[in-house]
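Throughout, a chain's letter reflects where its sequence line sits, starting with A, and its residues are numbered from 1. Computed over heavy atoms, backbone and side chain alike; hydrogens, waters and symmetry mates excluded.
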Protein chains: 2
Amino acid sequence: MKRPDTRQQILDLAENLIRSKGYNSFSYHEISHTLGVKNAAVHYHFPTKEVLGLEVIRSAIQRFKDFKEETASLSLEEQLDAFIQTYSINSENDKVCLVGAISVEFYGLPENMTNVMKGLTRLIHDWATNLLAIGKAEGMFTFDMKPETKATMIITNLAAGVQIARLMGNETFSDLIKGIKIDLGVNQ
Amino acid sequence: MKRPDTRQQILDLAENLIRSKGYNSFSYHEISHTLGVKNAAVHYHFPTKEVLGLEVIRSAIQRFKDFKEETASLSLEEQLDAFIQTYSINSENDKVCLVGAISVEFYGLPENMTNVMKGLTRLIHDWATNLLAIGKAEGMFTFDMKPETKATMIITNLAAGVQIARLMGNETFSDLIKGIKIDLGVNQ
DNA sequence: TTGCAAACTTACTAATTAGTAAGTAGGTTT
DNA sequence: AAACCTACTTACTAATTAGTAAGTTTGCAA
């Protein structure tokens, strides 16, 4: 018999549930039922829901670090496009990003989770700031503010863009991307 | 004895809880305990949690309509500032906006709630679009895209701005406001 | 072949959840 | 003053929740 890799399946499903409905809107029962295992099997891999939530965020941190490495050799515009594309995929799959999901439920989550999440948010923001700073210095992007401010603007556009797409439709999101590029001066 | 206006207190508290932790992170017990009444008193005013959630959204729709009327006679820039200020107050009170709160939990909420929420989102977006269209025509705002696109950009900046402020601090939000104004050409 | 550990299941528990039925106190209407 | 209504309380229930303790199976190593 094949190794079903239950642990990874639980982790993936938990992330999808957090980004579909929020952390406090899914139960261990929903996970075990969906994967065809028993409730205790989920607790075997992740003793508490807080541990599961933490692991979801930690794996997202690792995934972003991998993304950084994998795209490091690309041009700035290709890096930005790759970043935006991850949100386009979210929008098509009706999934919000972790930053949005965790921040909205902030005061209903274990402090450990929100603290680890702060690290991921800084990581993404620092990366975007650096990208924009270099791009501005090289004359590739045009904006009249600090690169950290522009980074906040683009990240908030994307984070709430996938949220508002649930209420207004996916065209709203693709339209938004065009706007971001126009303001950066990278439209052609 | 004074009229305690329990119904209004429940409604206000419910909105605050939704915008602090999310709809599925608070209970009728939390409401009744906080207000010093019994669980059944909450059910007397709002028979089901879905009804309570719907009333929260409906009262927000009414509030936005009142906002529109009250600010209609102001200049475009004053109207925009008034709109932005409601988000600044949110940020200071660590509250996200309803659009963000409802959209993140979207697939964990009763369909009635998300449908009514779509109405509020359209209402806000249409208002902002109209404001930006007139402001652009009058040469007050400068942007090189459709006014509906710029409306989406500003609304997503504000919605996710208050979210990301929870993870990165309130300076991130006030910084973001400056960025929005710079891109609109209404800085200083 | 025996021993052992990883990955479960079986069978629970205690707490919390939304929701209800029946009663009651106090003011208003008739 | 009798009837009635509003705004509750008392006292529940059934379902769901996260979490646990004690087995069981299966593959692998000694």
Side-chain angles (χ1 to χ4, degrees), chain A residues 1-18 20-57 59 101-102 105-114 116, chain B residues 1-18 20-57 59 101-102 105-114 116:
Chain A
M1 238 228 271
K2 290 262 192 71
R3 279 292 308 295
D5 203 1
T6 306
R7 198 195 121 94
Q8 191 59 46
Q9 284 182 282
I10 294 168
L11 205 56
D12 291 345
L13 181 55
E15 177 170 343
N16 278 329
L17 288 167
I18 289 173
S20 278
K21 323 199 284 184
Y23 177 83
N24 285 316
S25 303
F26 76 89
S27 64
Y28 267 41
H29 172 81
E30 183 169 359
I31 290 184
S32 61
H33 183 79
T34 305
L35 298 182
V37 296
K38 298 299 162 180
N39 167 55
V42 185
H43 279 284
Y44 169 75
H45 290 287
F46 305 95
T48 68
K49 203 182 176 186
E50 177 174 350
V51 167
L52 176 56
L54 279 166
E55 283 309 305
V56 166
I57 300 173
S59 77
I102 299 299
E105 283 192 299
F106 198 87
Y107 293 101
L109 298 176
E111 228 182 305
N112 247 328
M113 279 181 67
T114 53
V116 175
Chain B
M1 236 228 272
K2 290 261 194 68
R3 280 289 311 292
D5 205 2
T6 307
R7 198 197 119 96
Q8 191 59 46
Q9 284 183 282
I10 295 168
L11 205 56
D12 291 345
L13 181 55
E15 177 169 341
N16 277 328
L17 288 167
I18 289 173
S20 276
K21 324 199 285 184
Y23 178 83
N24 285 316
S25 302
F26 76 90
S27 63
Y28 267 42
H29 172 81
E30 184 171 358
I31 290 185
S32 61
H33 183 78
T34 305
L35 298 183
V37 295
K38 299 298 163 178
N39 167 55
V42 187
H43 279 283
Y44 169 75
H45 290 287
F46 304 95
T48 68
K49 204 183 177 185
E50 178 175 348
V51 167
L52 176 57
L54 279 166
E55 282 309 304
V56 166
I57 300 172
S59 75
I102 299 299
E105 283 192 299
F106 197 88
Y107 294 100
L109 298 178
E111 228 183 307
N112 247 328
M113 280 181 66
T114 53
V116 175

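- For D:dC8, the OP1/OP2 oxygens have no side-chain nitrogen or oxygen of B:Lys38 closer than 4.0 Å.
- Atom pair A:Tyr28:OH and D:dT16:C1' shows a separation of 16 Å (rounding to whole Å applied).
- Residue A:Ala40 places its side chain closer to C:dA11 than to any other of C:dA11, C:dG19, D:dA18.
- Rounded to a whole Å, the NE2 atom of A:His33 is 16 Å from the C1' atom of D:dA15.
- Taking 4.0 angstrom as the limit, A:Thr6 places a side-chain polar atom (N or O) nearer than this to OP1 or OP2 of C:dC8.
- Nucleic acid contact class of A:Phe26 (heavy atoms, under 4.0 Å, all strands): sugar-phosphate only.
- Counting only heavy atoms from C-beta outward, the side chains of A:Tyr44 and A:Thr6 never approach each other to under 4.5 Å.
- Summarising the geometry of B:His45 relative to B:Ile10, their closest heavy-atom pair is CD2-CD1, 3.9 Å, with the distance given to 0.1 Å.
- An OP1 or OP2 oxygen of D:dC8 is reached within less than 4.0 angstrom by no side-chain nitrogen or oxygen of B:His43.
- For the pair A:Leu52 CG and D:dT17 P, the computed distance is 15 Å after rounding to whole Å.
- For the pair A:Asn39 CG and D:dG19 P, the interatomic distance rounds to 10 Å; values are reported in whole Å.
- Here CG of A:Leu52 is found 11.0 Å from CD of A:Glu50. Values are rounded to the nearest 0.5 Å.
- Dashed line: the shortest gap from a side-chain N or O of A:Tyr44 to OP1 or OP2 of C:dA7 is under 4.0 Å.
- Put simply, NE2 on A:His29 is 14 Å from P on C:dT9, counting in whole angstrom units.
- A donor-acceptor pair shorter than 3.5 Å can be found between the side chains of B:Asp12 and B:Gln8.
- For the pair B:Leu35 CG and D:dT9 P, the interatomic distance rounds to 11 Å; values are reported in whole Å.
- Between A:Asn24 atom CG and C:dT16 atom C1' there is a gap of 13 Å when expressed in whole angstrom units.
- Rounded to an integer number of Å, the gap from B:Ile31 CD1 to C:dG19 P is 12 Å.
- Nearest approach of A:Ser32 to A:Lys38, heavy atoms of both residues: CB-C, 3.6 Å.
- Residue A:Ser27 places none of its side-chain N or O atoms closer than 4.0 Å to OP1 or OP2 of D:dT16.
- The side chain of A:His45 lies closest to C:dC8 when the candidates are D:dT20, C:dC8, C:dT17.
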